[in-house]
Novice: 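Below is one structure. I have some questions about it.
The model shown is predicted, which means the values in this text are computed figures rather than measured ones.
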Amino acid sequence: MHNHQTDYNLEADIRRQFALEDSDLRTYSPLTLAYIGDGIYELILRTIAVRQGNRQVNKLHQQTSRYAKAQAQSEMMETLLPLLREEELQIYRRGRNAKSYTTAKNASVNDYRRATGFEALMGYLYLDGSTARLLELVKAALENYTPPERQGSETRNHKGAEDG
């Protein structure tokens with residue numbers, strides 16, 4: 001891929017600082033890409049939540065976990081599929097089709113597999129140094145996704161409703 005804009009590359013700095021080799025991403029298993037992708041996506045979500053205001057940690061966790069669930073990532077992929085370049089689509093499909101020996105809590109097999117594809121794509125873009133593209137896709141995904149807990153909550157006015 002390597003059509004990097006002049007954006008900051010955290011991954012390259014980590015590689016330099018710890019004298020790690022730059023290896024061919026095409027040799028990485030999709031589950032390895034998903035492993036790092038899960039972490040970088042979580043970091044992006046947490047950064048957004050923290051920068052939106054200093055709150056109790058459990059409130060921050062509640063906010064981010066809605067977007068980190070397999071079902072959420074699966075739905076976000078529906079938004080992202082038409083935006084993906086051919087190489088990105090191939091990475092997503094490899095992740096989606098990977099044989100995983102674990103399953104997500106409270107997620108269908110299809111949601112879990114699509115979420116694995118989503119995370120593999122995130123991991124690939126991060127390791128590739130395509131930070132601007134990674135953030136562009138995450139932003140598109142977040143802007144077009146409404147967590148189930150939020151849908152219609154503005155109109156409901158019952159005890160226990162969220163206070164913001």
Side-chain angles (χ1 to χ4, degrees), residues 1-14 22-52 60-154:
M1 188 173 239
H2 294 291
N3 55 349
H4 308 189
Q5 297 175 3
T6 56
D7 56 344
Y8 175 70
N9 188 339
L10 173 65
E11 193 272 343
D13 272 358
I14 292 169
D22 186 9
S23 43
D24 185 353
L25 295 180
R26 291 171 299 197
T27 65
Y28 280 60
S29 90
L31 296 177
T32 299
L33 294 175
Y35 171 75
I36 191 77
D38 175 57
I40 196 64
Y41 177 64
E42 185 75 28
L43 178 62
I44 293 166
L45 290 179
R46 287 181 182 202
T47 301
I48 293 166
V50 167
R51 286 298 192 169
Q52 286 174 339
L60 294 170
H61 177 72
Q62 285 170 7
Q63 181 184 344
T64 59
S65 66
R66 292 182 180 137
Y67 297 92
K69 291 177 179 162
Q71 184 184 350
Q73 293 175 353
S74 175
E75 287 182 35
M76 287 179 198
M77 271 318 301
E78 299 302 311
T79 299
L80 296 184
L81 283 172
L83 306 176
L84 297 186
R85 299 169 181 146
E86 187 53 43
E87 186 176 6
E88 294 166 344
L89 197 52
Q90 288 172 1
I91 299 293
Y92 162 72
R93 286 186 183 131
R94 281 183 58 216
R96 183 196 61 199
N97 297 335
K99 298 288 177 259
S100 173
Y101 298 101
T102 58
T103 53
K105 302 181 289 280
N106 310 315
S108 74
V109 171
N110 284 337
D111 278 348
Y112 186 72
R113 291 179 62 168
R114 280 193 294 265
T116 303
F118 173 87
E119 291 176 347
L121 177 60
M122 299 293 113
Y124 176 82
L125 292 171
Y126 169 70
L127 291 173
D128 186 55
S130 301
T131 313
R133 179 64 175 162
L134 169 65
L135 294 174
E136 179 186 322
L137 291 177
V138 169
K139 186 172 192 228
L142 293 176
E143 285 176 346
N144 290 289
Y145 176 72
T146 305
E149 301 93 312
R150 283 279 197 227
Q151 292 168 343
S153 65
E154 307 79 43

Novice: Between the side chains of R114 and E75, is the shortest nitrogen-to-carboxylate-oxygen separation below 4.0 Å, so that they form an ion pair?
Specialist: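 Not counted as a salt bridge, because no side-chain N and carboxylate O are separated by less than 4.0 Å.
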Novice: Between P30 and A98, what is the shortest heavy-atom contact and its length?
Specialist: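 Shortest heavy-atom contact: CG-CB, 3.9 Å.
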Novice: What's the separation between atom CD1 in I91 and atom CZ in R85, rounded to the nearest 0.5 Å?
Specialist: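 The CD1 atom of I91 sits 13.0 Å away from the CZ atom of R85.
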Novice: Ignoring hydrogens and angles, state whether a donor on the side chain of T79 or N144 is under 3.5 Å from an acceptor on the partner side chain.
Specialist: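 N144 and T79 do not have a side-chain donor-acceptor pair below 3.5 Å.
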Novice: At their closest point, which heavy atom of M77 faces which heavy atom of Y92, and how far apart are they?
Specialist: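 Taking every non-hydrogen atom into account, CE-CD1, 3.4 Å.
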Novice: Verify side chain to side chain contact (heavy atoms under 4.5 Å, CB included) between L134 and K139, making sure each step is shown before the conclusion.
Specialist: CA-CA 9 Å; L134 169 65; K139 186 172 192 228; over 6 Å; no
Novice: How about Y67 and Y41: are their ring centroids closer than 6.0 Å?
Specialist: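 Judged by ring-centre distance (under 6.0 Å), Y67 and Y41 do not meet the cut-off.
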Novice: Between L10 and Y126, does the side chain to side chain contact (heavy atoms under 4.5 Å, CB included) criterion hold? Intermediate values first, please.
Specialist: CA-CA 9 Å; L10 173 65; Y126 169 70; 4.1 Å; yes
Novice: Dump the intermediate steps for side chain to side chain contact (heavy atoms under 4.5 Å, CB included) on F118 and R96, then the final yes or no.
Specialist: CA-CA 8 Å; F118 173 87; R96 183 196 61 199; over 6 Å; no
Novice: Any idea which heavy atoms bring D111 and S74 closest together, and the distance?
Specialist: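 The answer is OD1-OG, 2.9 Å.
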Novice: To the nearest 0.5 Å, what is the distance between CG (N97) and CZ (R113)?
Specialist: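 Reported to 0.5 Å precision, the distance equals 5.5 Å.
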Novice: Can a donor-acceptor pair be found, under 3.5 Å and without considering hydrogens, that links the side chain of T116 to the backbone of Y112?
Specialist: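 Yes; judged by distance alone, with no hydrogens or angles, the pair exists.
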Novice: To the nearest 0.5 Å, what is the distance between CG on L25 and OG1 on T32?
Specialist: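 If I round to the nearest 0.5 Å, the distance is 11.0 Å.
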Novice: Between R66 (side chain) and P147 (backbone), is there a donor-acceptor pair under 3.5 Å?
Specialist: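 Flag not set: sc R66 to bb P147 has no pair under 3.5 Å.
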Novice: Assess the side chains of D128 and S130: does a donor N or O sit below 3.5 Å from an acceptor N or O?
Specialist: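 D128 vs S130: donor-acceptor pair found between side chains.
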Novice: Quick one: does D13's side chain get under 4.5 Å of Y8's, heavy atoms only?
Specialist: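 They are in contact (side-chain heavy atoms under 4.5 Å apart), so the answer is yes.
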Novice: Ignoring hydrogens, what is the shortest heavy-atom contact between L127 and E11? Give both atom names and the distance.
Specialist: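 Closest approach of L127 to E11: O-OE1, 3.5 Å.
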Novice: To the closest 0.5 Å, what do you measure between CD (Q73) and OH (Y145)?
Specialist: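 Q73 atom CD to Y145 atom OH measures 9.5 Å (nearest 0.5 Å).
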Novice: What's the separation between atom CG in L83 and atom CG in L89, rounded to the nearest 0.5 Å?
Specialist: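 Atom-to-atom, L83:CG and L89:CG are 11.0 Å apart.
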Novice: Set out, in order, the CA-CA distance, both residues' side-chain angles and the distance that settles side chain to side chain contact (heavy atoms under 4.5 Å, CB included) for L45 and L142, then state yes or no.
Specialist: CA-CA 10 Å; L45 290 179; L142 293 176; 3.9 Å; yes
Novice: Atom CD in E136, atom CG in L80: separation rounded to 0.5 Å?
Specialist: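 Taking CD in E136 and CG in L80, the distance rounds to 10.0 Å.
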Novice: If we ignore hydrogens and angles and just use 3.5 Å, is the side chain of D38 paired with the main-chain N or O of A34 as donor and acceptor?
Specialist: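 Judged by distance alone, no pair lies under 3.5 Å.
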Novice: Ignoring hydrogens and geometry, is there a side-chain-to-backbone donor-acceptor pair from T47 to L43 under 3.5 Å?
Specialist: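 Yes.
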Novice: Tell me the closest heavy-atom pair linking V138 and M122, and the distance in Å.
Specialist: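 Of all heavy-atom pairs spanning V138 and M122, the closest is CG2-SD, 3.5 Å.
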Novice: Considering only heavy atoms from C-beta outward, does the side chain of T64 approach that of E42 to under 4.5 Å?
Specialist: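 When only atoms from C-beta onward are counted, E42 and T64 do touch, with a gap below 4.5 Å.
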Novice: Can you give me the closest heavy-atom contact between G129 and N9, atom names plus distance?
Specialist: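 Result for this residue pair: CA-ND2, 3.4 Å.
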